[in-house]
Amino acid sequence: MKKKLLSVLLCVAMAATTVLVGCGDSNNSKSGGDSSNGGAASGDENTLTVWCWDPAFNIYAMEEAAKEYQKDHPDVTVNVVETPWDDVQTKLTTAATSGKYDTLPDIFLMQDNAFQKNVISYPDAFTDLTDSKIDFSQFAEGKTAYSVVDGKNYGVPFDNGAVIACYRTDILEEAGYTVDDFTDITWSEYIEKGKDILAKTGKPLLSCVAGESDVITMMLQSTGSSLFDDEGNPDMVDNEALKKVMETYQELIETGVMVEVNDWDQYVGTMTNSTVAGTINGCWIMGSIQTAEDQSGKWAITNMPKMEGVDGATNYSNNGGSSWAITSNCKNVELAEDFMASTFAGSVSFYETILPSSGALATYLPAGDSDAYAKPSEFFGGDAVFAKITEFAGKVPSNNTGVYYYEARDAVGTAITNIVNGADIDSELQKAQDTVNFAMEQ
Amino acid sequence: MTLNKKHNLTGWAFLTPATIMIAVMSFLPMIQAFILSLQKGKGTDLTFTGFGNYVRMFQDSVFRQSIINTFVYLIIQVPIMLILALILASMLNNKNLRGKGIFRTAIFLPCATSLVSYAIIFRSLFAVDGFVNTILIKLGILNTGYNFLGHATSAKIIIIIALVWRWTGYNMVFYLSGLQNIEYSVYEAAKIDGANPMQTFFKITVPLLKPTILLTAIMSTNGTLQLFDESVNLTAGGPANSTITMSHYIYNVSFKYVPNFGYAAAMSFLIFILVAVLAFIQMKVGDKRD
């Protein structure tokens with residue numbers, strides 16, 4: 001009898017669990033959500049929950065910003081939750097598709113390239129900041145443009161992706177050049193000198209990841225042109241600047257001045273193992289370069305080469321970077337806006353604090369005049385690199401990323417792989433444009 | 001209540017929880033996915049489009065490319081792997097072989113490695129300055145490193161090699177357990193009748209292992225059609241989409257590009273249909289019971 005009772009009890013317990021697992025989600029997730037993922041905005045009016053991903057960089061910056069703000073507002077707390085970028089994207093996608101916006105934090109950091117896509121796909125997840133206290137004219141125009149959709153500002157620009165060209169001064173010297181020979185030059189001069197250096201030292205000037213379109217988009221943005229026109233339609237086939245960029249890329253590979261590798265680790269390896277004499281990338285690449293401590297003092301930075309024969313071409317461009325967004329789930333938008341306006345978008349002393357240890361370069365233009373930015377960097381030959389990059393950032397032409405930026409980047413990456421293998425530029429660009437057009441007509 | 005009825009009820013009582021869970025967690029999402037596949041739009045902004053997504057699939061050049069790639073893997077890799085696994089299993093089934101345990105473990109061990117880490121290891125093995133190129137240069141076969149992952153054909157071959165390495169041992173274990181069910185006396189009788197090892201393999205081992213072969217064939221086909229990690233981590237789909245798989249493209253459409261969940265769900269359903277059709281054909285071919 002006892003046994004029977006026990007088995008009945010067990011059966012009941014099992015059935016009960018099943019029912020709970022099956023249907024109990026709507027009530028449980030609210031209470032469970034807050035504690036388990038730590039991400040949901042707290043109901044507390046004076047707490048801001050923030051998602052960002054790099055402890056040495058943007059998390060550090062956010063925590064410093066919180067300290068700065070708490071000086072005047074001691075009752076405000078900022079709760080930073082470390083969330084890798086891929087997870088931010090996945091969580092946002094999940095929250096928006098399930099309609100559970102209450103799982104979002106008050107503020108999150110977003111990659112510039114993904115900003116427009118997400119605002120347009122999930123408009124209900126963002127807060128419009130156009131009429132807030134934040135003065136967007138204090139930021140570099142090219143940078144702010146990433147987070148503007150339909151003339152409305154949705155993001156506070158944060159870190160800088162201004163393109164720098166880095167050179168190994170010791171290798172240049174071996175071939176009889178200095179960094180000055182590479183400042184304010186054109187791509188044809190770059191290729192000329194690159195061939196010379198290759199012949200004399202056996203080292204290419206540049207490396208890149210095969211099939212990735214970073215080099216192409218950097219070149220293209222430096223001419224003031226984009227993969228999309230103002231209406232957001234792909235602009236590849238009759239884009240003279242893009243064609244010129246493709247030709248230049250092809251020539252860089254053919255002459256051996258640029259080498260292609262297969263992944264990011266190998267790319268960083270070409271620099272740290274001294275296989276190449278330089279690189280061109282967003283200024284955040286300095287972090288990777290500086291991991292090779294034995295090369296301290298042997299690097300120098302300057303601006304990138306300019307595309308000749310294209311109207312409006314410059315020596316400046318952008319690659320990467322991120323901006324802060326305030327979500328629609330934020331309970332106290334006024335507080336979040338005020339917090340942003342008095343730190344990331346209004347405090348030079350804040351940027352001075354975070355610069356030395358994080359190297360977080362501001363796109364907030366007034367910060368560029370600060371003394372902290374004029375400090376020389378030993379690794380880069382005693383140059384005041386931060387001031388230089390802030391100056392570059394102010395000159396970057398804006399880039400229309402459009403919503404379908406990732407589609408376009410992949411299509412162009414496919415095109416350049418085929419072009420390097422001998423395909424015709426015009427027909428490949430046509431194919432790339434068709435691919436993007438196809439993705440857009442859904 | 002008769003005893004029979006009672007037994008029946010008890011049986012159903014035990015079955016019900018599992019049945020409900022499978023229905024709620026597996027079949028319900030499938031139906032929801034099918035409804036989703038009939039909608040179009042960006043992110044959450046969805047409208048009904050009927051079978052538009054299914055038509056769209058066949059106009060999508062990248063998706064066509066991914067189907068071709070997946071079937072190349074399927075047609076070349078699955079037979080190689082299964083034949084290799086069968087040969088290894090029948091070799092290891094030899095009663096007089098010493099150190100069987102070590103060999104079995106060594107061949108099965110790749111299955112214990114994570115998909116991502118083995119893909120990354122293969123990527124570094126075949127890098128321009130990687131292990132394989134270094135060996136080839138040292139042996140004087142190549143002058144400079146060959147970019148294996150930078151060329152369409154060699155990149156595909158490397159994915160196939162990687163898959164064979166990773167999954168042969170897994171299938172071999174199924175064959176080994178299948179071989180336990182074949183009476184040793186059958187082999188002894190064959191030996192007495194003067195059959196050579198080749199004849200024993202083709203006349204005894206293969207026919208008696210048929211159900212297991214069928215099982216592994218269906219599982220491998222299923223697995224290959226859903227191939228994802230290798231394409232993402234080993235080659236990133238490149239060069240120029242020449243190694244991208246269907247699942248990888250579906251991932252891109254939902255998470256990397258402007259999210260188009262309806263279209264992604266429709267493509268997933270195509271994979272589902274392909275798996276079902278191929279499994280059905282294999283079962284018809286394999287089943288000779290009449």
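Sequence lines set the chain letters: A, B, ... in the order given, protein chains first and strands last, and positions in each chain run from 1. Just so you know, these numbers use all the heavy atoms, side chains as well, and skip hydrogens, waters and symmetry mates. From a predicted model like this one, the values you see are computed outputs, not experimental measurements.
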Exercise for review: Check whether more than 12 heavy atoms from other residues, nucleotides or ligands sit under 6.0 Å from atom OH of B/Y170, and answer yes or no.
Suggested key: no
Check your understanding: Is the count of non-hydrogen atoms from other residues, nucleotides or ligands lying under 6.0 Å from B/F272 atom CZ greater than 12?
Key -> no
Point to revise | Heavy-atom proximity to chain B below 4.5 Å, by part of A/Q266 | key: side chain
Point to revise | Residue selection (most heavy-atom pairs with chain A, distance under 4.5 Å) from B/A240, B/G262, B/P239, B/A152 | key: B/A240
Check your understanding: Does the side chain of A/T93 reach to within under 4.5 Å of the side chain of B/F261, using non-hydrogen atoms?
Key -> yes
Practice item. Examine whether an atom of A/N118 lies under 4.5 Å from a heavy atom of chain B, and if so say whether it belongs to the side chain, the backbone or both; otherwise answer neither. Key: neither
Point to revise | Interchain contact, A/I416 with chain B, by part (heavy-atom threshold 4.5 Å) | key: neither
Practice item. Please name the pair of heavy atoms, one in A/K117 and one in B/K256, separated by the smallest distance, quoted to 0.1 Å. Key: NZ-O, 2.8 Å
**Study point:** B/N147 side chain reached by A/E260 side chain, heavy atoms, under 4.5 Å
**Key:** no
Check your understanding: What option among A/N262, A/T435, A/T417, A/D434 has the most heavy-atom pairs under 4.5 Å with chain B?
Key -> A/N262
Check your understanding: Mind checking what makes side-chain contact (heavy atoms from CB on, under 4.5 Å) contact with A/T90, not counting sequence neighbours?
Key -> A/T94, B/F255
Practice item. List the steps and the verdict of side chain to side chain donor-acceptor pair (under 3.5 Å) for A/D410 and B/Y257. Key: CA-CA 10 Å; A/D410 273 11; B/Y257 299 158; 2.6 Å; yes
Check your understanding: Using non-hydrogen atoms and a limit below 4.5 Å, what part of residues 418-430 of chain A faces chain B?
Key -> A/N418
Point to revise | Any side-chain heavy-atom pair of A/F438 and B/S61 under 4.5 Å | key: no
Exercise for review: Can you establish whether the number of heavy atoms outside B/F48 located under 6.0 Å from its atom CZ is more than 12?
Suggested key: yes
Practice item. Flag the one option from B/T16, B/D60, B/N241 with the top tally of heavy-atom pairs under 4.5 Å to chain A. Key: B/D60
